[in-house]
Amino acid sequence: MTLVAGVDSSTQSCKVVVRDLETGELVRSGRAAHPDGTEVDPAAWWAALQEALAAAGGLDDVDAISIAGQQHGMVVLDAEGRVIRDALLWNDTRSAQAARDLIDEVGAEEYAARVGVVPVASFTATKLRWLRDAEPANAARVAAVALPHDWLTWRLLGYGPADESELGPDLEALTTDRSDASGTAYWGAASGAYDLELFERALGRPGREAAGAGAEGVSGASGDGSLVVLPRVLGPSEAAGRTSSGLLVGPGAGDNAGAALGLGAGEGDVVVSIGTSGTVFAVTDASIADPSGTVAGFADASGLSLPLIATLNAARVLGSIAGLLSVDHDGLSSLALSAEPGAGGVVLVPYFEGERTPNLPDAKASIHGLTLASTTPANLARAAIEGMLCGLADGLDAVRAAGVRERRILLIGGAAQNPAVAQVAAQVFDAPIEVPAPGEYVADGGAVQAAWALTGTRPAWSVDTAAALPVDTRPAIRAQYAAARP
Ligand SMILES: Nc1ncnc2c1ncn2[C@@H]1O[C@H](COP(=O)(O)OP(=O)(O)O)[C@@H](O)[C@H]1O
Ligand SMILES: O=C(CO)[C@@H](O)[C@H](O)COP(=O)(O)O
(Lines give C-alpha, C1' and ligand atoms only; values in the text may rest on other atoms or scores of the structure.)
(Ligands and ions follow the chains in the order given, each with its own letter.)
Protein backbone atom coordinates (compact mmCIF):
# COMPACT_ATOMS: atom_id res chain seq x y z
CA MET A 1 0.00 0.00 0.00
CA THR A 2 1.41 3.41 -0.97
CA LEU A 3 0.68 6.04 1.69
CA VAL A 4 0.49 9.82 1.35
CA ALA A 5 0.08 12.39 4.11
CA GLY A 6 -1.53 15.80 4.38
CA VAL A 7 -1.17 18.44 7.07
CA ASP A 8 -3.40 21.31 8.20
CA SER A 9 -1.34 23.70 10.31
CA SER A 10 -4.35 25.80 11.25
CA THR A 11 -4.88 28.58 13.75
CA GLN A 12 -5.77 26.42 16.74
CA SER A 13 -4.07 23.10 15.97
CA CYS A 14 -2.01 20.95 13.65
CA LYS A 15 -3.80 18.01 12.04
CA VAL A 16 -2.23 15.17 10.05
CA VAL A 17 -3.97 12.56 7.90
CA VAL A 18 -2.32 9.53 6.30
CA ARG A 19 -4.27 8.10 3.36
CA ASP A 20 -4.03 5.15 0.99
CA LEU A 21 -2.99 6.56 -2.37
CA GLU A 22 -5.17 4.16 -4.38
CA THR A 23 -8.47 4.32 -2.49
CA GLY A 24 -8.13 7.51 -0.45
CA GLU A 25 -9.01 5.52 2.66
CA LEU A 26 -7.98 7.19 5.94
CA VAL A 27 -5.29 4.98 7.46
CA ARG A 28 -4.07 7.07 10.41
CA SER A 29 -4.37 10.58 11.81
CA GLY A 30 -2.92 12.77 14.54
CA ARG A 31 -3.26 16.25 15.96
CA ALA A 32 -1.58 18.64 18.39
CA ALA A 33 -2.64 22.01 19.81
CA HIS A 34 -1.24 25.41 18.82
CA PRO A 35 -0.81 28.23 21.33
CA ASP A 36 -3.53 30.85 21.70
CA GLY A 37 -3.02 34.39 20.52
CA THR A 38 -2.64 36.31 17.30
CA GLU A 39 1.17 36.50 17.58
CA VAL A 40 2.91 33.13 17.66
CA ASP A 41 6.50 31.86 17.60
CA PRO A 42 6.61 29.60 14.50
CA ALA A 43 8.73 27.16 16.55
CA ALA A 44 5.43 26.22 18.25
CA TRP A 45 4.00 25.16 14.86
CA TRP A 46 7.10 23.09 14.17
CA ALA A 47 6.81 21.38 17.57
CA ALA A 48 3.08 20.75 17.00
CA LEU A 49 3.82 19.28 13.57
CA GLN A 50 6.30 16.82 15.11
CA GLU A 51 3.77 15.88 17.79
CA ALA A 52 0.92 15.45 15.29
CA LEU A 53 3.10 13.39 12.94
CA ALA A 54 4.13 11.14 15.82
CA ALA A 55 0.48 10.76 16.82
CA ALA A 56 -0.26 9.79 13.21
CA GLY A 57 2.31 6.99 13.37
CA GLY A 58 5.21 8.86 11.75
CA LEU A 59 6.29 9.09 8.14
CA ASP A 60 8.62 6.08 7.75
CA ASP A 61 6.15 4.23 5.51
CA VAL A 62 4.80 7.38 3.78
CA ASP A 63 5.92 8.29 0.23
CA ALA A 64 4.77 11.90 -0.02
CA ILE A 65 3.39 14.71 2.15
CA SER A 66 2.09 18.23 1.61
CA ILE A 67 1.44 20.96 4.18
CA ALA A 68 -1.58 23.27 4.03
CA GLY A 69 -2.03 25.95 6.66
CA GLN A 70 -3.59 29.14 7.95
CA GLN A 71 -3.20 31.90 5.37
CA HIS A 72 -1.51 35.31 5.46
CA GLY A 73 0.65 35.00 8.62
CA MET A 74 3.90 37.00 8.41
CA VAL A 75 7.03 34.91 9.05
CA VAL A 76 10.14 37.07 8.67
CA LEU A 77 13.59 35.46 8.46
CA ASP A 78 17.07 36.94 8.74
CA ALA A 79 20.02 35.96 6.54
CA GLU A 80 20.84 33.08 8.91
CA GLY A 81 17.35 31.67 8.44
CA ARG A 82 16.25 32.64 11.95
CA VAL A 83 12.74 33.90 12.66
CA ILE A 84 13.17 37.61 13.51
CA ARG A 85 10.01 38.04 15.61
CA ASP A 86 6.84 36.13 16.41
CA ALA A 87 4.60 35.66 13.39
CA LEU A 88 1.62 38.00 13.13
CA LEU A 89 -1.40 35.89 12.23
CA TRP A 90 -4.29 36.55 9.85
CA ASN A 91 -6.53 37.52 12.80
CA ASP A 92 -4.14 40.11 14.25
CA THR A 93 -5.69 43.49 13.50
CA ARG A 94 -2.84 45.80 14.56
CA SER A 95 -2.08 46.44 10.88
CA ALA A 96 -5.51 48.00 10.18
CA GLN A 97 -3.99 51.48 9.81
CA ALA A 98 -1.24 50.06 7.59
CA ALA A 99 -3.99 48.64 5.35
CA ARG A 100 -5.64 52.06 5.13
CA ASP A 101 -2.26 53.68 4.35
CA LEU A 102 -1.53 51.24 1.53
CA ILE A 103 -4.98 51.80 0.01
CA ASP A 104 -4.53 55.59 0.26
CA GLU A 105 -1.21 55.34 -1.56
CA VAL A 106 -2.14 52.83 -4.26
CA GLY A 107 -5.92 52.99 -4.57
CA ALA A 108 -8.41 50.17 -4.02
CA GLU A 109 -9.17 49.73 -7.74
CA GLU A 110 -5.48 49.59 -8.59
CA TYR A 111 -4.87 46.97 -5.88
CA ALA A 112 -7.79 44.83 -7.10
CA ALA A 113 -6.60 45.09 -10.70
CA ARG A 114 -3.00 44.23 -9.89
CA VAL A 115 -3.29 41.49 -7.24
CA GLY A 116 -7.01 40.63 -7.02
CA VAL A 117 -7.40 41.90 -3.43
CA VAL A 118 -7.70 45.18 -1.56
CA PRO A 119 -5.66 45.22 1.67
CA VAL A 120 -7.31 44.45 5.01
CA ALA A 121 -5.45 43.86 8.25
CA SER A 122 -5.34 40.10 7.59
CA PHE A 123 -3.13 40.27 4.53
CA THR A 124 0.65 39.83 4.74
CA ALA A 125 1.45 43.12 2.97
CA THR A 126 -0.20 45.13 5.75
CA LYS A 127 1.78 43.27 8.40
CA LEU A 128 4.99 44.09 6.56
CA ARG A 129 4.00 47.76 6.42
CA TRP A 130 3.27 47.63 10.15
CA LEU A 131 6.74 46.12 10.70
CA ARG A 132 8.33 48.88 8.62
CA ASP A 133 6.62 51.56 10.69
CA ALA A 134 6.56 50.02 14.19
CA GLU A 135 9.75 47.94 14.24
CA PRO A 136 12.17 49.46 11.71
CA ALA A 137 15.18 47.64 13.18
CA ASN A 138 13.43 44.30 12.58
CA ALA A 139 12.34 45.39 9.08
CA ALA A 140 15.96 46.21 8.22
CA ARG A 141 17.04 42.65 9.16
CA VAL A 142 14.47 40.90 6.95
CA ALA A 143 16.17 38.65 4.40
CA ALA A 144 13.10 36.58 3.46
CA VAL A 145 9.33 36.66 4.03
CA ALA A 146 7.38 33.40 4.23
CA LEU A 147 3.86 32.27 5.09
CA PRO A 148 3.22 29.62 7.76
CA HIS A 149 2.99 26.73 5.27
CA ASP A 150 6.03 27.96 3.34
CA TRP A 151 8.16 28.03 6.47
CA LEU A 152 7.01 24.58 7.66
CA THR A 153 7.66 23.10 4.21
CA TRP A 154 11.17 24.61 4.23
CA ARG A 155 11.87 23.21 7.70
CA LEU A 156 10.50 19.79 6.77
CA LEU A 157 12.85 19.69 3.78
CA GLY A 158 15.74 20.16 6.22
CA TYR A 159 16.42 23.90 5.93
CA GLY A 160 16.65 26.34 8.82
CA PRO A 161 19.24 28.04 11.01
CA ALA A 162 22.61 26.20 10.79
CA ASP A 163 22.44 24.95 14.39
CA GLU A 164 18.86 23.66 14.05
CA SER A 165 18.79 22.03 10.62
CA GLU A 166 20.42 19.51 8.34
CA LEU A 167 20.82 21.77 5.28
CA GLY A 168 21.23 25.23 6.78
CA PRO A 169 19.65 28.57 5.87
CA ASP A 170 19.29 28.33 2.08
CA LEU A 171 16.67 31.03 1.56
CA GLU A 172 16.64 30.27 -2.18
CA ALA A 173 14.97 26.95 -1.28
CA LEU A 174 11.85 28.69 0.09
CA THR A 175 8.66 27.76 -1.79
CA THR A 176 4.98 28.59 -1.65
CA ASP A 177 2.01 27.81 -3.88
CA ARG A 178 -0.44 29.95 -5.87
CA SER A 179 -3.23 29.80 -3.30
CA ASP A 180 -1.19 31.05 -0.35
CA ALA A 181 0.80 33.54 -2.47
CA SER A 182 -2.50 35.13 -3.52
CA GLY A 183 -3.23 36.03 0.11
CA THR A 184 -0.16 38.24 0.48
CA ALA A 185 -1.54 41.24 -1.49
CA TYR A 186 1.71 41.27 -3.49
CA TRP A 187 1.12 38.26 -5.78
CA GLY A 188 -1.71 38.25 -8.30
CA ALA A 189 -3.85 35.22 -9.16
CA ALA A 190 -4.61 36.68 -12.58
CA SER A 191 -1.04 37.70 -13.43
CA GLY A 192 0.48 34.61 -11.81
CA ALA A 193 3.40 36.75 -10.63
CA TYR A 194 4.72 38.76 -7.70
CA ASP A 195 4.03 42.47 -7.89
CA LEU A 196 7.42 43.53 -6.57
CA GLU A 197 6.51 47.20 -6.50
CA LEU A 198 3.64 46.43 -4.11
CA PHE A 199 5.96 44.29 -1.99
CA GLU A 200 8.54 47.08 -1.77
CA ARG A 201 5.83 49.60 -0.96
CA ALA A 202 4.75 47.40 1.96
CA LEU A 203 8.09 46.59 3.60
CA GLY A 204 10.08 49.53 2.27
CA ARG A 205 12.69 47.10 0.91
CA PRO A 206 12.94 45.61 -2.61
CA GLY A 207 12.31 41.91 -3.09
CA ARG A 208 12.70 39.13 -5.61
CA GLU A 209 11.47 35.55 -6.06
CA ALA A 210 13.73 32.79 -4.72
CA ALA A 211 15.92 31.20 -7.36
CA GLY A 212 15.61 27.59 -6.16
CA ALA A 213 17.55 25.39 -3.72
CA GLY A 214 21.31 25.68 -4.05
CA ALA A 215 21.18 28.56 -6.55
CA GLU A 216 24.58 30.16 -6.53
CA GLY A 217 25.81 33.61 -7.44
CA VAL A 218 22.40 35.20 -6.93
CA SER A 219 22.67 38.71 -5.61
CA GLY A 220 20.17 39.27 -2.85
CA ALA A 221 19.44 38.73 0.78
CA SER A 222 21.48 35.58 1.04
CA GLY A 223 24.35 37.38 -0.71
CA ASP A 224 24.56 41.15 -0.37
CA GLY A 225 21.52 41.74 1.80
CA SER A 226 19.84 44.17 -0.62
CA LEU A 227 16.91 42.13 -1.96
CA VAL A 228 14.41 40.33 0.25
CA VAL A 229 13.74 36.74 -0.88
CA LEU A 230 10.13 35.72 -1.55
CA PRO A 231 9.27 32.02 -1.84
CA ARG A 232 9.27 30.49 -5.34
CA VAL A 233 5.63 29.94 -6.38
CA LEU A 234 4.96 26.30 -7.29
CA GLY A 235 2.20 24.95 -9.52
CA PRO A 236 -0.55 22.66 -8.16
CA SER A 237 1.34 19.37 -8.60
CA GLU A 238 4.89 20.66 -8.39
CA ALA A 239 6.98 19.20 -5.58
CA ALA A 240 8.87 21.50 -3.21
CA GLY A 241 11.60 18.86 -2.94
CA ARG A 242 12.56 15.67 -1.12
CA THR A 243 13.77 15.21 2.42
CA SER A 244 17.09 13.45 2.99
CA SER A 245 15.12 10.27 3.68
CA GLY A 246 13.47 10.50 0.24
CA LEU A 247 10.01 11.74 1.30
CA LEU A 248 8.49 13.82 -1.51
CA VAL A 249 7.14 17.15 -0.24
CA GLY A 250 4.27 18.72 -2.22
CA PRO A 251 3.65 22.44 -2.77
CA GLY A 252 1.28 22.98 0.16
CA ALA A 253 -1.63 25.44 0.14
CA GLY A 254 -3.61 28.01 2.04
CA ASP A 255 -6.11 26.21 4.24
CA ASN A 256 -9.24 27.23 2.35
CA ALA A 257 -7.79 26.17 -0.99
CA GLY A 258 -6.68 22.96 0.73
CA ALA A 259 -10.24 22.30 1.88
CA ALA A 260 -11.59 22.90 -1.64
CA LEU A 261 -9.14 20.31 -2.93
CA GLY A 262 -9.91 17.84 -0.12
CA LEU A 263 -13.65 18.16 -0.78
CA GLY A 264 -13.20 17.98 -4.54
CA ALA A 265 -15.31 21.18 -4.70
CA GLY A 266 -16.40 22.02 -8.24
CA GLU A 267 -18.91 24.08 -10.15
CA GLY A 268 -22.08 24.67 -8.12
CA ASP A 269 -20.36 24.10 -4.77
CA VAL A 270 -19.98 26.90 -2.28
CA VAL A 271 -17.99 25.93 0.80
CA VAL A 272 -18.81 27.52 4.17
CA SER A 273 -16.09 26.75 6.70
CA ILE A 274 -16.66 27.46 10.40
CA GLY A 275 -13.35 27.13 12.21
CA THR A 276 -11.44 29.93 13.93
CA SER A 277 -12.30 31.94 10.85
CA GLY A 278 -15.59 31.78 9.02
CA THR A 279 -15.09 31.57 5.27
CA VAL A 280 -17.31 31.33 2.20
CA PHE A 281 -15.61 30.37 -1.05
CA ALA A 282 -15.94 28.59 -4.38
CA VAL A 283 -13.65 27.26 -7.09
CA THR A 284 -14.17 29.24 -10.30
CA ASP A 285 -12.58 29.50 -13.74
CA ALA A 286 -12.57 33.28 -13.80
CA SER A 287 -10.43 35.32 -11.42
CA ILE A 288 -12.11 38.03 -9.35
CA ALA A 289 -11.05 41.66 -8.91
CA ASP A 290 -13.50 43.26 -6.44
CA PRO A 291 -12.48 46.91 -5.84
CA SER A 292 -14.77 47.06 -2.78
CA GLY A 293 -12.39 44.53 -1.20
CA THR A 294 -15.26 42.42 0.13
CA VAL A 295 -14.48 39.36 -1.99
CA ALA A 296 -10.83 38.37 -2.15
CA GLY A 297 -9.71 37.15 -5.57
CA PHE A 298 -7.52 34.32 -4.33
CA ALA A 299 -6.11 31.47 -6.40
CA ASP A 300 -7.12 27.90 -5.63
CA ALA A 301 -4.80 24.91 -5.36
CA SER A 302 -5.73 23.31 -8.70
CA GLY A 303 -4.81 26.12 -11.11
CA LEU A 304 -8.17 27.95 -10.91
CA SER A 305 -9.54 30.77 -8.75
CA LEU A 306 -10.96 30.90 -5.23
CA PRO A 307 -13.16 33.96 -4.60
CA LEU A 308 -13.52 34.12 -0.81
CA ILE A 309 -14.90 36.16 2.03
CA ALA A 310 -13.65 35.65 5.58
CA THR A 311 -14.93 36.63 9.00
CA LEU A 312 -12.81 36.84 12.14
CA ASN A 313 -15.63 35.60 14.40
CA ALA A 314 -16.76 32.02 13.90
CA ALA A 315 -16.40 28.86 16.04
CA ARG A 316 -14.88 30.74 18.96
CA VAL A 317 -18.04 32.85 19.27
CA LEU A 318 -19.87 29.65 20.10
CA GLY A 319 -17.13 28.57 22.51
CA SER A 320 -17.34 31.91 24.28
CA ILE A 321 -21.13 31.86 24.69
CA ALA A 322 -21.07 28.19 25.69
CA GLY A 323 -18.53 29.11 28.40
CA LEU A 324 -20.74 31.96 29.56
CA LEU A 325 -23.70 29.58 29.81
CA SER A 326 -21.56 26.88 31.50
CA VAL A 327 -22.34 24.28 28.82
CA ASP A 328 -20.25 22.30 26.34
CA HIS A 329 -20.77 22.21 22.56
CA ASP A 330 -23.60 19.67 22.85
CA GLY A 331 -25.22 21.70 25.61
CA LEU A 332 -25.10 24.84 23.47
CA SER A 333 -26.67 22.89 20.62
CA SER A 334 -29.53 21.59 22.79
CA LEU A 335 -30.19 25.03 24.23
CA ALA A 336 -30.20 26.68 20.79
CA LEU A 337 -32.55 24.07 19.35
CA SER A 338 -34.95 24.59 22.23
CA ALA A 339 -35.38 28.26 21.25
CA GLU A 340 -37.58 29.51 18.41
CA PRO A 341 -36.01 30.77 15.16
CA GLY A 342 -35.19 34.43 15.74
CA ALA A 343 -34.27 33.76 19.39
CA GLY A 344 -37.21 35.76 20.70
CA GLY A 345 -35.82 38.88 19.03
CA VAL A 346 -32.36 38.57 20.63
CA VAL A 347 -29.59 39.38 18.14
CA LEU A 348 -25.91 38.82 18.77
CA VAL A 349 -23.62 40.80 16.47
CA PRO A 350 -20.48 38.73 16.92
CA TYR A 351 -17.61 41.19 16.34
CA PHE A 352 -15.66 39.95 19.39
CA GLU A 353 -12.32 40.17 17.56
CA GLY A 354 -13.12 43.22 15.43
CA GLU A 355 -14.28 42.14 11.96
CA ARG A 356 -12.92 41.67 8.48
CA THR A 357 -16.19 41.22 6.53
CA PRO A 358 -17.50 43.86 6.93
CA ASN A 359 -14.15 45.58 7.34
CA LEU A 360 -14.49 46.87 10.93
CA PRO A 361 -11.20 45.94 12.60
CA ASP A 362 -11.95 47.97 15.74
CA ALA A 363 -15.56 46.83 16.21
CA LYS A 364 -16.80 44.96 19.29
CA ALA A 365 -19.59 42.43 19.75
CA SER A 366 -23.01 43.52 20.96
CA ILE A 367 -26.31 41.97 22.00
CA HIS A 368 -29.60 43.56 20.97
CA GLY A 369 -33.29 43.02 21.64
CA LEU A 370 -33.11 41.83 25.23
CA THR A 371 -36.30 42.00 27.27
CA LEU A 372 -36.91 40.41 30.64
CA ALA A 373 -38.85 37.69 28.85
CA SER A 374 -36.35 37.07 26.04
CA THR A 375 -33.23 36.95 28.26
CA THR A 376 -32.89 33.19 28.47
CA PRO A 377 -29.93 30.83 28.02
CA ALA A 378 -31.75 29.22 25.08
CA ASN A 379 -32.23 32.52 23.23
CA LEU A 380 -28.64 33.56 23.88
CA ALA A 381 -27.33 30.22 22.59
CA ARG A 382 -29.48 30.50 19.47
CA ALA A 383 -28.60 34.18 18.94
CA ALA A 384 -24.87 33.29 18.98
CA ILE A 385 -25.36 30.72 16.22
CA GLU A 386 -27.71 32.92 14.22
CA GLY A 387 -25.44 35.97 14.46
CA MET A 388 -22.35 34.05 13.41
CA LEU A 389 -24.21 32.50 10.44
CA CYS A 390 -25.82 35.80 9.40
CA GLY A 391 -22.33 37.27 8.99
CA LEU A 392 -21.50 34.37 6.68
CA ALA A 393 -24.80 34.72 4.81
CA ASP A 394 -23.88 38.36 4.10
CA GLY A 395 -20.60 36.95 2.78
CA LEU A 396 -22.46 34.50 0.56
CA ASP A 397 -24.40 37.41 -0.93
CA ALA A 398 -21.09 39.11 -1.75
CA VAL A 399 -19.67 35.95 -3.33
CA ARG A 400 -22.85 35.64 -5.40
CA ALA A 401 -22.56 39.28 -6.44
CA ALA A 402 -19.10 38.40 -7.74
CA GLY A 403 -20.75 35.93 -10.12
CA VAL A 404 -20.70 32.64 -8.19
CA ARG A 405 -23.83 30.48 -8.54
CA GLU A 406 -24.31 27.63 -6.06
CA ARG A 407 -26.37 24.45 -6.19
CA ARG A 408 -25.42 23.48 -2.66
CA ILE A 409 -23.49 24.71 0.35
CA LEU A 410 -20.88 22.38 1.82
CA LEU A 411 -20.60 23.08 5.56
CA ILE A 412 -17.22 22.20 7.08
CA GLY A 413 -14.90 23.20 9.96
CA GLY A 414 -15.03 22.33 13.66
CA ALA A 415 -18.40 23.99 14.34
CA ALA A 416 -20.10 22.30 11.37
CA GLN A 417 -20.29 19.19 13.55
CA ASN A 418 -22.69 21.00 15.86
CA PRO A 419 -26.27 19.85 15.05
CA ALA A 420 -27.72 23.27 15.87
CA VAL A 421 -25.27 25.00 13.53
CA ALA A 422 -26.33 22.82 10.61
CA GLN A 423 -30.05 23.26 11.36
CA VAL A 424 -29.84 27.00 11.82
CA ALA A 425 -27.71 27.24 8.66
CA ALA A 426 -30.65 25.78 6.72
CA GLN A 427 -32.81 28.58 8.15
CA VAL A 428 -30.32 31.39 7.53
CA PHE A 429 -28.97 30.46 4.07
CA ASP A 430 -31.29 30.16 1.10
CA ALA A 431 -29.58 27.14 -0.46
CA PRO A 432 -29.51 23.41 0.31
CA ILE A 433 -26.90 22.49 2.93
CA GLU A 434 -24.74 19.38 2.89
CA VAL A 435 -22.53 18.48 5.81
CA PRO A 436 -19.72 16.18 4.65
CA ALA A 437 -18.75 13.33 6.97
CA PRO A 438 -16.65 14.58 9.91
CA GLY A 439 -13.10 14.97 8.70
CA GLU A 440 -10.07 17.18 8.26
CA TYR A 441 -10.68 18.46 4.76
CA VAL A 442 -7.76 20.89 4.73
CA ALA A 443 -5.33 18.13 5.66
CA ASP A 444 -7.08 15.93 3.09
CA GLY A 445 -6.33 18.60 0.50
CA GLY A 446 -2.68 18.28 1.51
CA ALA A 447 -2.91 14.52 0.98
CA VAL A 448 -4.43 15.12 -2.47
CA GLN A 449 -1.50 17.40 -3.30
CA ALA A 450 0.97 14.79 -2.04
CA ALA A 451 -0.64 12.13 -4.25
CA TRP A 452 -0.77 14.51 -7.22
CA ALA A 453 2.91 15.45 -6.87
CA LEU A 454 3.87 11.78 -6.46
CA THR A 455 1.97 10.34 -9.43
CA GLY A 456 1.35 13.34 -11.71
CA THR A 457 -2.41 12.65 -11.56
CA ARG A 458 -4.92 14.34 -9.27
CA PRO A 459 -6.66 11.57 -7.29
CA ALA A 460 -10.46 11.40 -7.33
CA TRP A 461 -11.19 10.18 -3.80
CA SER A 462 -14.82 10.19 -2.72
CA VAL A 463 -16.28 12.25 0.14
CA ASP A 464 -19.25 10.95 2.15
CA THR A 465 -22.15 13.14 3.20
CA ALA A 466 -23.22 13.04 6.86
CA ALA A 467 -26.35 15.18 6.55
CA ALA A 468 -28.31 16.96 3.84
CA LEU A 469 -30.71 19.73 4.89
CA PRO A 470 -33.26 21.21 2.49
CA VAL A 471 -33.82 24.95 2.29
CA ASP A 472 -35.82 26.10 5.32
CA THR A 473 -35.20 29.84 5.12
CA ARG A 474 -36.66 32.06 7.87
CA PRO A 475 -36.16 35.57 6.46
CA ALA A 476 -36.88 37.18 9.84
CA ILE A 477 -33.53 35.97 11.21
CA ARG A 478 -31.48 37.91 8.68
CA ALA A 479 -33.86 40.88 8.77
CA GLN A 480 -33.44 41.40 12.51
CA TYR A 481 -29.68 40.87 12.20
CA ALA A 482 -29.46 43.46 9.41
CA ALA A 483 -31.34 45.92 11.59
CA ALA A 484 -28.97 45.37 14.52
CA ARG A 485 -25.54 45.31 12.88
CA PRO A 486 -23.64 48.56 12.34
N1 LIG B 1 -19.48 20.60 18.15
C2 LIG B 1 -18.96 21.81 18.07
N3 LIG B 1 -19.73 22.92 18.17
C4 LIG B 1 -19.21 24.16 18.09
N5 LIG B 1 -17.90 24.39 17.92
C6 LIG B 1 -17.09 23.34 17.81
C7 LIG B 1 -17.55 22.01 17.89
N8 LIG B 1 -16.49 21.18 17.75
C9 LIG B 1 -15.40 21.96 17.61
N10 LIG B 1 -15.75 23.26 17.66
C11 LIG B 1 -14.87 24.43 17.56
O12 LIG B 1 -14.26 24.45 16.27
C13 LIG B 1 -12.99 25.11 16.36
C14 LIG B 1 -11.96 24.27 15.68
O15 LIG B 1 -12.34 24.10 14.35
P16 LIG B 1 -11.26 23.97 13.21
O17 LIG B 1 -11.98 23.94 11.91
O18 LIG B 1 -10.35 22.84 13.53
O19 LIG B 1 -10.50 25.36 13.41
P20 LIG B 1 -9.10 25.87 12.83
O21 LIG B 1 -8.91 25.15 11.53
O22 LIG B 1 -9.29 27.34 12.67
O23 LIG B 1 -8.04 25.58 13.85
C24 LIG B 1 -12.70 25.32 17.84
O25 LIG B 1 -12.97 26.67 18.17
C26 LIG B 1 -13.70 24.38 18.52
O27 LIG B 1 -14.08 24.84 19.80
O1 LIG C 1 -7.67 34.51 6.76
C2 LIG C 1 -8.23 33.50 6.36
C3 LIG C 1 -8.66 33.37 4.95
O4 LIG C 1 -8.42 34.51 4.19
C5 LIG C 1 -8.48 32.37 7.33
O6 LIG C 1 -9.34 31.43 6.77
C7 LIG C 1 -7.17 31.74 7.74
O8 LIG C 1 -6.65 31.04 6.64
C9 LIG C 1 -7.28 30.90 8.99
O10 LIG C 1 -8.06 29.79 8.83
P11 LIG C 1 -8.59 28.78 9.97
O12 LIG C 1 -7.51 28.50 10.92
O13 LIG C 1 -9.79 29.42 10.57
O14 LIG C 1 -8.98 27.55 9.20
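What's counted below: heavy atoms across the whole structure, side chains too, no hydrogens, waters or symmetry copies. Ligands are counted one by one from 1 in listed order, and the atoms in each one are counted from 1 as well.
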Protein heavy-atom partner closest to atom 23 (O) of ligand 1 - residue, atom, separation in Å: S10 OG, 2.6 Å
Ligand-side contact atoms (ligand 1) for residue partner A315, heavy atom cut-off under 4.0 Å: 11 (C), 12 (O), 13 (C), 25 (O)
Pairs under 3.5 Å, nitrogen or oxygen of ligand 2 with protein nitrogen or oxygen:
residue, atom, partner, partner atom, Å
ligand 2, 1 (O), H72, NE2, 3.3
ligand 2, 1 (O), R356, NH1, 2.8
ligand 2, 4 (O), H72, NE2, 2.6
ligand 2, 4 (O), R356, NH1, 3.4
ligand 2, 4 (O), R356, NH2, 2.6
ligand 2, 6 (O), N256, ND2, 3.0
ligand 2, 6 (O), S277, OG, 2.8
ligand 2, 8 (O), Q71, N, 2.9
ligand 2, 8 (O), D255, OD1, 2.8
ligand 2, 8 (O), D255, OD2, 3.2
ligand 2, 10 (O), D255, OD2, 2.6
ligand 2, 10 (O), S277, OG, 3.3
ligand 2, 12 (O), T11, N, 3.1
ligand 2, 12 (O), T11, OG1, 2.4
ligand 2, 13 (O), T276, N, 3.4
ligand 2, 13 (O), S277, N, 2.7
ligand 2, 13 (O), S277, OG, 2.7
ligand 2, 14 (O), D255, OD2, 2.8

Is the backbone of V295 close enough, under 3.5 Å, to the side chain of D290 for a donor and an acceptor to pair up by distance? yes
Is there at least one pair of N or O atoms, one from R31 and one from ligand 1, spaced under 3.5 Å apart? no
So which bit of K15 gets within less than 4.0 Å of ligand 1, heavy atoms only: side chain, backbone, both or neither? side chain
Going by an N to O cut-off under 4.0 Å, is there a salt bridge joining R129 and E105? yes
Using atom types as modelled and distance alone, determine if a side-chain donor or acceptor of T176 lies under 3.5 Å from a backbone N or O of D150. no
Within ligand 1, which atoms have a heavy atom of G413 less than 4.0 Å away? 17 (O)
Provide the number and element of each atom of ligand 1 under 4.0 Å from a heavy atom of T276. 19 (O), 20 (P), 22 (O), 23 (O)
Which pairs with one or both residues in residues 434-449 pass side-chain hydrogen bond (donor to acceptor under 3.5 Å, both in side chains), sequence neighbours excluded? R19-D444, R31-E440, S66-Q449, R408-E434
F123 and H72 aromatic ring geometry - parallel, tilted or perpendicular at 30°/60° bounds: tilted
Looking at H34, Q70, H329, the heavy atom closest to atom 27 (O) of ligand 1 belongs to H329
Which heavy atom of A108 sits nearest a heavy atom of P291, and at what distance? CB-O, 3.5 Å
Is the distance between the ring centroids of Y481 and H368 less than 6.0 Å? no
Is D397 salt-bridged to R478, going by a charged N under 4.0 Å from an acidic O? yes
Proximal atoms of ligand 1 relative to Q12 (non-hydrogen, under 4.0 Å): 13 (C), 23 (O), 24 (C), 25 (O)
N/O of G414 under 3.5 Å from N/O of ligand 1, yes or no? yes
Mind checking side-chain hydrogen bond (donor to acceptor under 3.5 Å, both in side chains) for E238 and listing every partner two or more places apart, or none if nothing turns up? none
Does anything in residues 316-339 pair up under side-chain hydrogen bond (donor to acceptor under 3.5 Å, both in side chains), and if so which pairs, sequence neighbours excluded? S333-N418
